[in-house]
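Worksheet: one structure, shown below.
Computed from heavy atoms alone, side chains included, the values below leave out hydrogens, waters and symmetry copies. Every chain is numbered from 1, with letters handed out A, B, ... down the list of sequences.
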There are 2 protein chains.
Amino acid sequence: MAELARTPRQIGSLVRRARKRRGWSQTQLGEKAGLRQETISLIETGNPATRLETILAVLAALDLEFRLAARSKGQPADIEALF
Amino acid sequence: MAELARTPRQIGSLVRRARKRRGWSQTQLGEKAGLRQETISLIETGNPATRLETILAVLAALDLEFRLAARSKGQPADIEALF
DNA sequence: TACAATTATAGGGCTTGACGCATATTTTCT
DNA sequence: AGAAAATATGCGTCAAGCCCTATAATTGTA
């Protein structure tokens, strides 16, 4: 129900999966998040220097959110449900 | 067990709580994360333009991690355990 | 209250994000 | 294959991060 997001690349690929699952193009997601298609592209490819506010805007547009938790060695949580 | 982190300010205050719970100064956290004390200060006060890689480094130093999940209207999860 | 530690600010410097605009490349579909 | 859509790149511009060095302001404590 929650997916591990430790690196920019992990976050990027999760964003891409979530976007595709919704059937949106990068341009469409960009419009919803107030960003350009190029910016979405960079995020999805794992740009490590993306601004915090920028990814938060993308997550909001996807109706997703970050949760802060202790690092777990256990199961990475399920993927199916959301992406 | 997981704390909601939707805005830079929420993230900043959670970082601060986690750091203090560990009894570390900003300088100490900075050393562990490979960052300067000033940078930690900015993050904790909610700087929205912090780089993604930077907050991820801070979380790792605190042995925390982000998890990506669907936005929940429900309970914000418990605070006690980690911070 | 005075001292020590911690945290917040400031300026110069290099790097880079995101914008705007254009285009190349890749993928998708008929 | 060919056309259309989607995605990745490139360039100039402005704003800002984080570094480094200092220093002010705040907090905690003897």
Side-chain angles (χ1 to χ4, degrees), chain A residues 3 5-68 71 79-80 82-83, chain B residues 3 5-68 71 79-80 82-83:
Chain A
E3 197 64 24
R6 289 185 183 171
T7 70
R9 291 191 52 165
Q10 283 181 329
I11 293 169
S13 67
L14 288 172
V15 164
R16 173 162 292 176
R17 293 223 312 269
R19 172 179 62 79
K20 292 202 166 179
R21 172 151 296 207
R22 288 160 180 69
W24 299 347
S25 67
Q26 291 182 341
T27 301
Q28 290 177 304
L29 174 55
E31 286 168 356
K32 295 171 196 292
L35 298 167
R36 320 193 90 281
Q37 173 263 316
E38 303 90 301
T39 302
I40 305 296
S41 174
L42 286 173
I43 290 171
E44 291 187 354
T45 51
N47 176 2
T50 303
R51 294 184 184 195
L52 181 55
E53 61 182 351
T54 301
I55 48 141
L56 291 176
V58 169
L59 296 188
L62 289 165
D63 203 52
L64 296 175
E65 68 187 5
F66 274 145
R67 296 194 193 161
L68 205 40
R71 286 205 166 208
I79 301 186
E80 321 308 334
L82 308 167
F83 312 105
Chain B
E3 198 62 25
R6 289 183 182 171
T7 70
R9 290 191 51 161
Q10 283 181 331
I11 294 169
S13 67
L14 288 172
V15 164
R16 174 162 293 179
R17 293 226 310 269
R19 172 178 61 80
K20 291 200 167 179
R21 174 151 294 208
R22 287 160 181 69
W24 299 347
S25 67
Q26 292 181 342
T27 301
Q28 290 177 304
L29 174 55
E31 285 167 357
K32 294 170 195 292
L35 297 167
R36 309 186 60 68
Q37 173 264 318
E38 304 89 295
T39 301
I40 305 296
S41 172
L42 286 172
I43 290 172
E44 291 186 355
T45 51
N47 176 4
T50 304
R51 295 186 182 197
L52 181 55
E53 62 181 351
T54 302
I55 49 140
L56 292 177
V58 169
L59 297 189
L62 289 166
D63 203 51
L64 296 175
E65 67 187 4
F66 274 144
R67 294 192 193 166
L68 206 40
R71 284 204 167 209
I79 301 185
E80 320 309 335
L82 308 166
F83 311 107

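Residue B/Glu38 is classed as a base contact, given a heavy-atom separation below 4.0 Å to a base. At a threshold of 4.0 angstrom between heavy atoms, the contacts of B/Gly30 with the nucleic acid are absent.
Taking atom CZ of residue A/Arg16 and atom C1' of nucleotide C/dT27, one finds them 12 Å apart after rounding to whole Å. Distance, B/Gln37 CD to D/dA22 C1': 12 Å, rounded to whole Å. A/Glu31 places its CD atom 12 Å from the P atom of C/dG20, with the value rounded to the nearest Å. Atom NZ of B/Lys20 is separated from atom P of C/dT6 by 11 Å (rounded to the nearest Å). To the nearest angstrom, P of C/dA18 lies 8 Å from CD of A/Glu53. The interatomic distance linking A/Asn47 (CG) with C/dT16 (C1') rounds to 9 Å, in whole Å. The distance from atom CG of B/Leu29 to atom P of C/dA8 is 12 Å, rounded to the nearest whole Å. Here the C1' atom of nucleotide C/dT15 and the CG atom of A/Leu42 are 15 Å apart, to the nearest Å.
One distance of note links CD1 of B/Ile40 with CG of B/Asn47; it measures 12.0 Å at 0.5 Å rounding. Of the inter-residue distances, the one linking A/Gln26 atom CD with A/Ile43 atom CD1 reads 9.5 Å to the nearest 0.5 angstrom.
Within a 6.0 Å sphere centred on CZ of A/Arg22, heavy atoms belonging to other residues, nucleotides or ligands number more than 12. Counted within 6.0 Å of CZ on A/Arg71, heavy atoms from surrounding residues, nucleotides or ligands total more than 12; the atom is thus considered enclosed.
The residue among B/Arg51 and B/Trp24 whose nearest nucleotide of DNA chain C is located toward the 5' end is B/Trp24.
The nucleotide whose nearest atom lies closest to any side-chain atom of A/Ser25 is, among C/dA18, D/dA8, D/dT7, D/dT7. Of the listed nucleotides (D/dG17, C/dC19, D/dC18), D/dC18 has the atom at the smallest distance from the side chain of B/Thr54. Taking only side-chain atoms of B/Leu35, from C-beta outward, the nucleotide of D/dT7, D/dC18, C/dT7 with the closest atom is D/dC18. Taking the side chain of B/Arg36 as heavy atoms from C-beta on, and the options D/dC20, D/dA8, C/dA18, the nearest nucleotide is D/dC20. Distances were taken from every side-chain heavy atom of B/Thr39 (C-beta onward) to each of D/dC18, D/dA8, C/dA18; the shortest belongs to D/dC18.
Here the rule is side chain to side chain donor-acceptor pair (under 3.5 Å) with B/Glu44, and of B/Arg9, B/Arg17, B/Arg19 only B/Arg19 fits it.
Phosphate proximity of C/dT7 to B/Arg19: present, with a side-chain N or O under 4.0 Å from OP1 or OP2.
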